[in-house]
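To start, the structure under review is shown below, and the notes come after it.
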Amino acid sequence: MNPGKLNTRVIIKQINNSADGYGGYTNTLTTYSTIWANVKQIDGEKSSKYGQRETKTNVELLCRAETIDGINLTEYVFQIVGKSDDYRINNIFQSEFKYITKITGTKIE
């Protein structure tokens, strides 16, 4: 992989549950790691659900191999630096060929 293409900073965040004092829980996000990646928007779709328009945007991150190891997909999200949206991690694929990790995610509405 050409390191010059890793030109976007991405923050990996962990979702933590904390007690709200009323017997319930609240989700908080803490920074797990910050990585350099090549970000591509791979597709998106617009739909109507319950009378409201909904947009789903899927992105793909290409980063160095073993930058994020052994994480549970349901407990982590990522944010592209300079944008306010969080993306749910759908899949992580680590390739031995060219030593890259491919992460796909969907924008959280």
Side-chain angles (χ1 to χ4, degrees):
M1 159 156 263
N2 182 358
K5 292 188 177 193
L6 304 178
N7 58 2
T8 306
R9 204 74 167 139
V10 177
I11 301 170
I12 309 294
K13 298 179 180 181
Q14 184 174 13
I15 302 170
N16 299 311
N17 289 330
S18 57
D20 64 1
Y22 297 102
Y25 291 95
T26 258
N27 289 335
T28 57
L29 296 174
T30 57
T31 300
Y32 172 76
S33 178
T34 303
I35 61 173
W36 288 99
N38 181 1
V39 179
K40 295 180 187 176
Q41 182 176 340
I42 50 177
D43 67 1
E45 81 178 50
K46 292 185 183 221
S47 62
S48 182
K49 186 174 184 179
Y50 305 118
Q52 291 188 350
R53 305 276 280 154
E54 183 178 78
T55 304
K56 290 186 179 178
T57 305
N58 295 319
V59 297
E60 174 183 88
L61 306 178
L62 294 176
C63 56
R64 294 182 194 271
E66 301 174 1
T67 53
I68 53 173
D69 284 335
I71 68 169
N72 184 355
L73 297 179
T74 60
E75 296 177 2
Y76 291 86
V77 297
F78 66 86
Q79 178 184 15
I80 300 168
V81 172
K83 299 187 179 185
S84 61
D85 301 319
D86 288 325
Y87 293 83
R88 181 176 15 99
I89 296 176
N90 296 333
N91 192 12
I92 297 176
F93 176 72
Q94 295 194 8
S95 172
E96 294 298 321
F97 180 70
K98 295 191 179 183
Y99 305 105
I100 61 169
T101 298
K102 181 167 111 174
I103 303 168
T104 56
T106 304
K107 185 181 321 183
I108 299 172
E109 295 290 331

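Excluded from the calculations below are hydrogen atoms, water molecules and symmetry mates; all remaining heavy atoms, backbone and side chain alike, are included.
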Extract all donor-acceptor atom pairs below 3.5 Å that involve side chains of residues 53-63 and protein atoms in other chains or at least two apart in sequence.
residue, atom, partner, partner atom, Å
Asn58, OD1, Thr106, OG1, 2.7
Asn58, ND2, Asp43, OD1, 2.6

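- Here Glu75 contributes atom CD and Asn27 contributes atom CG; the two are 11.0 Å apart, rounded to the nearest 0.5 Å.
- Pairs engaging residues 64-95 under the ring pair (Phe, Tyr, Trp, His ring centres under 6.0 Å) rule: Tyr32-Tyr76, Phe78-Tyr87 [sequence neighbours left out].
- Partners of Ser48 under the side-chain contact (heavy atoms from CB on, under 4.5 Å) rule, at least two apart in sequence or in another chain, do not exist in this structure.
- Of the candidates Leu6, Ile35, Thr101, Arg64 forms a side chain to side chain contact (heavy atoms under 4.5 Å, CB included) with just one, namely Leu6.
- A distance of 6.5 Å separates OG1 of Thr8 from CG of Asn38, quoted to the nearest 0.5 Å.
- In this structure, Arg9 has no side-chain hydrogen bond (donor to acceptor under 3.5 Å, both in side chains) partners at least two apart in sequence or on a different chain.
- Between atom OG1 of residue Thr28 and atom CG of residue Asp20 there is a gap of 11.5 Å, rounded to the nearest 0.5 Å.
- Listed by first and then second residue, the salt bridge (Lys or Arg N to Asp or Glu O under 4.0 Å) pairs involving residues 83-92 are Lys13-Asp86, Asp85-Lys107 (not counting sequence neighbours).
- In this structure, Ile15 shares a hydrophobic cluster with Leu29, Val77, Ile108, the cluster being traced through Ile, Leu, Val, Met, Phe, Trp and Tyr side chains under 4.5 angstrom apart.
- Residues satisfying the side-chain contact (heavy atoms from CB on, under 4.5 Å) test with Ser84, not counting sequence neighbours, are none.
- Qualifying side-chain contact (heavy atoms from CB on, under 4.5 Å) partners for Asn7, counting only residues two or more places apart in sequence or in other chains: none.
- Side-chain heavy-atom separations under 4.5 angstrom define the hydrophobic clusters, and Tyr50 shares its cluster with no other residue.
- Summarising the geometry of Ala37 relative to Val10, their closest heavy-atom pair is CB-CG2, 4.1 Å, with the distance given to 0.1 Å.
- Atoms NZ and NZ, on Lys102 and Lys40 in that order, are 9.0 Å from each other to the nearest 0.5 Å.
- Counting Ile, Leu, Val, Met, Phe, Trp and Tyr side chains that sit under 4.5 Å apart, directly or through other members, Tyr22 stands alone, with no cluster partners.
- By the side-chain hydrogen bond (donor to acceptor under 3.5 Å, both in side chains) test, Thr30 is found to be paired with Asn16, residues two or more places apart in sequence or in another chain being considered.
- Applying the salt bridge (Lys or Arg N to Asp or Glu O under 4.0 Å) test to every pair with at least one member in residues 26-35, sequence neighbours left out, gives no pairs at all.
- More than 12 heavy-atom neighbours from other residues, nucleotides or ligands sit within 6.0 angstrom of CD on Gln41.
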